[in-house]
Enquirer: 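Dropping a structure here in structure tokens format, bear with me for questions.
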Amino acid sequence: MAVKYPKNPQFHALKMRSSDVADWQEGCAHDPSVVEYGGRYYAFSTDIYGAPSGNQIRISEDLLHWEYLTTAFRMEGTAADYKRGKGALQQAYDWCVTSPKEAKTGVCTRPDGTMSFWAPHCVRANNGEYRLYFCLTGYFGGSKSCIGLAVSASPEEPFRFVGLIVCSPAGWRTPNAIDPQFFEGENGRQFLVYGSFGMGLFLVELDPATGLRLDGASYGDYRMGKLSFADYYGTNLADGSLEGGAIRYHAGVDVLERGKWIKKNYYYLTCSYGSLSSAYHIRCGRSERPEGPYLDVNGNKLVCSTDLGTGNKLFGSFKRQGEPDYFCPGHNDLCVTDRGVKLVVYHCRTNDFIEKKLSNSNNFHYLYLNQYDFNAEGWLVINPNRYAGEVIQDVRQEDLLRISSGRFKAVLFTQSVAQVREKRIELKEDGTLGGEFEGRWRCFGSRYVEIETEGETYSGVAMPAWIAGERTAGLAVSLLGKSSGMALLLNSAK
């Protein structure tokens, strides 16, 4: 059967920040996550200066084009209520409010009653309500934070505060209670992964009936010594300079072991490593249990020291000819649509406006979605192109050779956080490599590809894609080093 390729998605052109929030489209969408409702898709993201406070919401009919809709909390005119102690989110405000003298940088939650919300995750509960796990912090770079739950009948209606999940005081003596991500595992168990830098990522179990903590623990109980550190803050999943953890459970992943395909069940943990402005990138580990341990291809637990560390490196900064560069991609969600499309939802910067001398800054964050799949070893790999409506399907060796006469362009990540530039690679009919790579390759099974080069064996899958730099549909091959855990990403080329 012939491969079905996506049509030109005609993505919106990337724009710099303007004074009109309705003009932002995919722009200024920091820390995004996506939920589906009534055949539409809603992206929730961190507050950005210049937009109304209360967690931005964007809407899309096709997952390709996004428009600003509203905010999850309607905060206009409410500042006075919080100063009087009568705000709808008073518990969260009271925990995070910070004086200008206390803050080392610009205060986010201020004594005048204004607030800035971070990194939300909205999910559809089994009872039909929509649950928003939001977070508030005293100021950027501090650990005085809290995560709360709010509910609504739909993603378009204002959310109503229910309660707090976890709180962290100033001083970095505890995990930082921001960046919540919900996930559901086997037997209907539900969890929240959270944390940012400091002590890393942590996990608490939730009550499916209420969306709140299953154990009913409060910070007051912890402060009074009724709970241990682990009882209140949960299970440690990953350590160091990382944040934005997202976990997704996948049952029945095809894995090739000893020449036979078997089904396995895995929890996949993705998170972002390194400096927000210079080194941000996405890494991954997996586990057979929600509580971990989450390990990479070498059996190492995820740890980040400054900008580098363990974990499979799935996505980082890179530059391809003919399109804006990808710079500091990260803080992702793992979203699976009702139709079964598996998507990594993340924000990404670009240096394109600096190169065109239109701006001195790359501090614009764009909402991107890329499809993901699993290689023959059951490791998660990411299509290097933005989702354009393509469908994962069978791809044979003849398809890889025919689409561009075997000519591809490759991005190979290493431990370095420097931006990677693409190189030429040719998949030859006799199974050898040409271009700027030497080695061998093979295609097997329904869509699996293996490449031996640079002293490493890379295992991956071929997927249809819209290749923006080539202005045409083609094939992408997303692979992961079996011993290095570094991604090798190919696009067919003219």
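Just so we're clear, the structure is a prediction, and the values are computed from it rather than from any experiment. Side-chain atoms are counted along with the backbone in the values below, which use heavy atoms only and exclude waters and symmetry mates.
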Enquirer: Does one side chain, of T432 or D430, offer a donor that lies under 3.5 Å from an acceptor on the other?
Expert: yes
Enquirer: At their closest point, which heavy atom of G311 faces which heavy atom of R283, and how far apart are they?
Expert: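 Of all heavy-atom pairs spanning G311 and R283, the closest is O-NH1, 3.2 Å.
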Enquirer: What orientation do Y346 and F315 show, parallel under 30°, tilted 30 to 60°, or perpendicular over 60°?
Expert: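 Judged by the thresholds at 30° and 60°, the geometry between Y346 and F315 is perpendicular.
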Enquirer: Tell me yes or no: between the side chains of Y448 and E377, is some donor less than 3.5 Å from an acceptor?
Expert: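 Checked: Y448/E377 side chains show no N/O donor-acceptor pair below 3.5 Å.
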Enquirer: Could you point out which residue of S116, S145, S196 forms a side-chain hydrogen bond (donor to acceptor under 3.5 Å, both in side chains) with T137?
Expert: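 With T137 as partner, side-chain hydrogen bond (donor to acceptor under 3.5 Å, both in side chains) holds for just one option, S145.
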Enquirer: Does any donor atom in the side chain of Y249 or E186 lie under 3.5 Å from an acceptor atom in the other side chain?
Expert: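 The answer is yes; a qualifying pair exists.
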Enquirer: Tell me, with the steps shown, if R74 and E76 meet salt bridge (Lys or Arg N to Asp or Glu O under 4.0 Å).
Expert: CA-CA 6 Å; R74 312 300 198 256; E76 290 79 7; over 6 Å; no
Enquirer: Please, which pairs that meet ring pair (Phe, Tyr, Trp, His ring centres under 6.0 Å) have at least one residue in residues 386-435, sequence neighbours excluded?
Expert: none
Enquirer: Quiz question: by atom type and distance under 3.5 Å, do the side chains of E456 and S483 form a donor-acceptor pair?
Expert: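 On atom types as modelled, these side chains qualify, holding a pair under 3.5 Å.
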Enquirer: Determine, for R424 against E426, whether the closest basic-nitrogen to carboxylate-oxygen distance falls under 4.0 angstrom.
Expert: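 Looking at R424 and E426, the cut-off is not met.
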Enquirer: Considering only heavy atoms from C-beta outward, does the side chain of Q181 approach that of F183 to under 4.5 Å?
Expert: no
Enquirer: Tell me if the aromatic rings of H347 and Y280 count as close, with their centers under 6.0 Å from one another.
Expert: yes
Enquirer: Does the side chain of N298 come under 3.5 Å of the side chain of D296 through a donor N or O and an acceptor N or O?
Expert: no
Enquirer: Taking the six-membered ring for Trp, are Y266 and F374 closer than 6.0 Å centroid to centroid?
Expert: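 No, ring centres 6.0 Å or more apart.
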Enquirer: Kindly determine whether K409 and S404 satisfy side chain to side chain contact (heavy atoms under 4.5 Å, CB included), including the steps that lead there.
Expert: CA-CA 11 Å; K409 292 181 180 178; S404 58; over 6 Å; no
Enquirer: Does the side chain of N370 pick up a donor-acceptor pair with the side chain of N383 at under 3.5 Å?
Expert: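 Judged by distance alone, the side chains do not pair up.
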Enquirer: Determine whether the side chains of D333 and S33 contain a donor N or O and an acceptor N or O closer than 3.5 Å.
Expert: no
Enquirer: Measure centre to centre between the rings of F134 and F73, then say whether the value is under 6.0 Å.
Expert: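 Centroid separation for F134 and F73: below 6.0 Å.
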Enquirer: If you measure only the distance, is there a donor-acceptor pair under 3.5 Å linking the side chains of Y42 and E156?
Expert: yes
Enquirer: For S459 and N375, which heavy atoms make the closest approach, and how far apart are they?
Expert: O-ND2, 3.0 Å
Enquirer: If we ignore angles and hydrogens, is there a donor and acceptor under 3.5 Å between the side chains of Q419 and D325?
Expert: yes
Enquirer: Might you point out which heavy atoms bring C443 and Q397 nearest each other, and give the distance in Å?
Expert: SG-N, 3.6 Å
Enquirer: Considering residues at least two apart in sequence or located in another chain, which fulfil the ring-ring contact (aromatic ring centres under 6.0 Å, His included) criterion with H281?
Expert: Y273
Enquirer: Identify whether NZ of Lys or CZ of Arg in R386 sits under 6.0 Å from the centre of the six-membered ring of W466 and within 45° of that ring's axis.
Expert: no
